[in-house]
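Take a look at the structure set out below.
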Amino acid sequence: WLSGEDWVGLLGMNLSGIPGETFPEARFRGNNSNLSGSYRDWGSNAAGFAPNGSWIFSDDFSWLINNHSIKIGGEYRHYFLDNNGAQNTGSYTFHNENSGQPGFVDETGFAFASYILGEAQSTSMGIFGMDPRDRSKNIALYVQDDWKVSSTLTLNLGLRWDIPTPYYEKDSQMSGLDKSLPNTAADGFLGALAFLEPGQRYASRYYGQIAPRVGVAWAVNDTTVVRAGYGINFSPPIKDGWYTSYTAGFNGSNNQPSRTGEFREAAVYNWDEPYPAYTAELPNLDPTQLNGQGISFYDPGTNRLPMVQNWNVGVQFDVGWDTKIEANYVGNKGSRMNLPMYLNGAQNQVELQYMSLGNTLLDDIEDHPEIPKPYPSFTGIVSQALRPFPQFRGINTHRMNAGWSRYDSLQISFTKRSDFGLSFLGSYTYGKARGTSDTSGPGNYYDYGQDFYNLDADYSTTQFHYPMDLKFTWMYD
């Protein structure tokens, strides 16, 4: 490959649309480390690039009139992510059993010997019928007025209106769970894979994202100032979630599974031969193709982006001797916050009330006629039968705006300046941070929710909560 050989073509994989710049991966496995050789995997079965970014167009103007300083403007944001990749472009697993003596594969054979012979225990290759072109847009209008009401009173007023467009694929090549679609392979039980029509999207624009802001500063007298403020902020329309895809049916795989030959130790493929052609048609529009597997669900409510309300009120005193003391109450409340610990599979969780069944959950449903089947042709274990959508395993999504948070704090500070360049600053904060999650995600790999159906159980003090914080600083200028 490094010398310019088109190994993808030589192995016959280019018939399935695999680009020549990739190199099929060779994996070495064995029944123990001596028989596998403990070799690292060779080659790389991935190639491609994914240009992404945003276009931002904005314009505003300022207007000074009497005691007002007014700013009015607008903004348009276009986010894009173009996936041009070829993941899983072919891998071969070489195992000691394919060069060992039948019946003695725990003692004979060597993975590298199987590699020399070209005898693969199993192979895998992804087939890509489309490259997703993810898009999202946001239109915003805003106005702000700094109003000097009098020599002692100033108001800061503002209003922003955002109109977010849901995350979508440029050519509507998206698929996901439709909870109201009868599943013909599950006796009509609701829930099946559905495909968007051209121009269709999973969610519509949301016109209720209005963010007011107000601030006030009042000089009560020469030594006392009162300040207060309130405002609302929304998160940007980003795609949080790396492992969730809405492309089922558009891509496929051409795998040769292990131990499907004439006998256990027989190789399923020798790479001196052209790779078997992929004969299925893409896209595969079968609404039942993911039965027994995981499926993705795009919740239309995710277009109502996470919102945080912020507020504060405080008073500042000049106590003389170049010393000022300030006390503030600062708080915020988060709504529709993302819950990354529930993104991967939790929407098909078995309700906790069934945990009392104990090991019965692992039994075959046929052994418990007292537990009704979700549909007549269902086969499997009891716990699977008790899922909301028993025809699927986990239900994944890219965002789940169902959490909330709260922060309250008392913040006290003082500053002291001296005539000879020495200044002191001290601050003390007493607060409490609570929420249903410690992070907005993605990448929240090690935190798990307790009960998808009872989010109150997750509401507690956060990992970044510090009840008290005391700081003291001095500076010399």
Side-chain angles (χ1 to χ4, degrees), residues 60 62 64 67-71 142 144-160 211-236 306-335 337 403-440 459-477:
D60 59 54
S62 299
L64 301 178
N67 295 332
H68 295 269
S69 176
I70 301 173
K71 178 179 288 188
Y142 54 88
Q144 179 178 317
D145 183 12
D146 296 329
W147 179 16
K148 187 75 172 179
V149 180
S150 68
S151 60
T152 61
L153 180 63
T154 300
L155 296 179
N156 306 106
L157 307 174
L159 183 67
R160 182 182 176 96
R213 300 173 188 176
V214 59
V216 57
W218 175 37
V220 180
N221 51 47
D222 293 339
T223 61
T224 305
V225 177
V226 175
R227 298 183 179 89
Y230 174 83
I232 294 178
N233 296 311
F234 294 89
S235 75
M307 177 183 74
V308 177
Q309 301 176 70
N310 302 277
W311 56 80
N312 68 278
V313 59
V315 59
Q316 183 184 73
F317 299 98
D318 186 340
V319 298
W321 302 288
D322 292 321
T323 302
K324 294 180 180 180
I325 298 176
E326 186 171 355
N328 293 278
Y329 163 63
V330 178
N332 64 56
K333 178 184 178 182
S335 305
M337 309 301 287
W404 63 94
S405 65
R406 179 69 184 258
Y407 175 73
D408 297 279
S409 68
L410 172 64
Q411 301 178 11
I412 300 174
S413 65
F414 83 93
T415 57
K416 167 65 179 175
R417 302 182 183 275
S418 64
D419 295 334
F420 46 87
L422 189 62
S423 300
F424 298 93
L425 172 63
S427 65
Y428 171 76
T429 299
Y430 176 76
K432 190 170 186 178
R434 294 153 290 173
T436 51
S437 176
D438 292 314
T439 177
S440 61
Y459 185 71
S460 63
T461 54
T462 63
Q463 292 181 357
F464 50 82
H465 162 69
Y466 291 93
M468 289 184 287
D469 183 70
L470 177 64
K471 294 182 180 180
F472 183 76
T473 304
W474 64 273
M475 295 176 291
Y476 181 75
D477 184 5

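All values below come from the heavy atoms of this structure, side chains included, with hydrogens, waters and symmetry mates left out.
- A 6.0 Å sphere centred on OH of Y466 holds no more than 12 heavy atoms belonging to other residues, nucleotides or ligands.
- Among residues two or more places apart in sequence or in another chain, the side-chain contact (heavy atoms from CB on, under 4.5 Å) test is passed with Y428 by Y430, M468, L470.
- Rounded to the nearest 0.5 angstrom, L410 CG and K432 NZ are separated by 15.5 Å.
- For the pair N233/R213, a side-chain contact is recorded, criterion being any heavy-atom separation below 4.5 Å from C-beta on.
- A donor-acceptor pair is defined here as one N or O able to donate and one able to accept, closer than 3.5 Å; no such pair exists between the side chain of T462 and the backbone of D438.
- Distance check, rounded to the nearest 0.5 Å: NZ of K148 to OG of S69 gives 12.5 Å.
- Legend: residues meeting side-chain contact (heavy atoms from CB on, under 4.5 Å) with I325, ordered by chain and number and at least two apart, are V319, F414.
- Annotation for F420 and Y476: closest pair O-CE1, 3.2 Å, computed over non-hydrogen atoms.
- At a threshold of 4.5 Å between non-hydrogen side-chain atoms, the residues W147 and N67 count as touching.
- Taking OG1 of T152 as the start and CH2 of W218 as the end, the distance is 8.0 Å to the nearest 0.5 Å.
- The side-chain hydrogen bond (donor to acceptor under 3.5 Å, both in side chains) check on D469 picks up nothing, with sequence neighbours excluded.
- Taken from CD1 in I70 to CG in L157, the straight-line distance is 10.0 Å, to the nearest 0.5 Å.
- Among residues two or more places apart in sequence or in another chain, the side-chain contact (heavy atoms from CB on, under 4.5 Å) test is passed with Y407 by N332, S409, Q411, T429, A433.
- A search for side-chain contact (heavy atoms from CB on, under 4.5 Å) contacts involving M307 returns I232, F234, Q309, S335, R336, not counting sequence neighbours.
- Counting heavy atoms from C-beta on, the side chains of D222 and D318 never come closer than 4.5 Å.
- Crowding of K71 atom NZ: a count of heavy atoms from other residues, nucleotides or ligands under 6.0 Å not exceeding 12.
- Taking each heavy atom of H465 and G431 in turn, the nearest pair found is CE1-O, 3.2 Å.
- Between the CZ atom in F317 and the CG atom in N221 there is a gap of 9.0 Å [rounded to 0.5 Å].
- For the pair V214 and L155, the minimum side-chain heavy-atom distance is 4.5 Å or more.
- Heavy-atom contacts from other residues, nucleotides or ligands closer than 6.0 Å to CZ of F472 number more than 12.
- For residues 405-430, the salt bridge (Lys or Arg N to Asp or Glu O under 4.0 Å) pairs, not counting sequence neighbours, are R406-D408, D408-R434.
- Aromatic ring orientation, Y329 versus W311: tilted (interplanar angle from 30° to 60°).
- Interatomic distance, Q316 CD to S413 OG, rounded to the nearest 0.5 Å: 7.5 Å.
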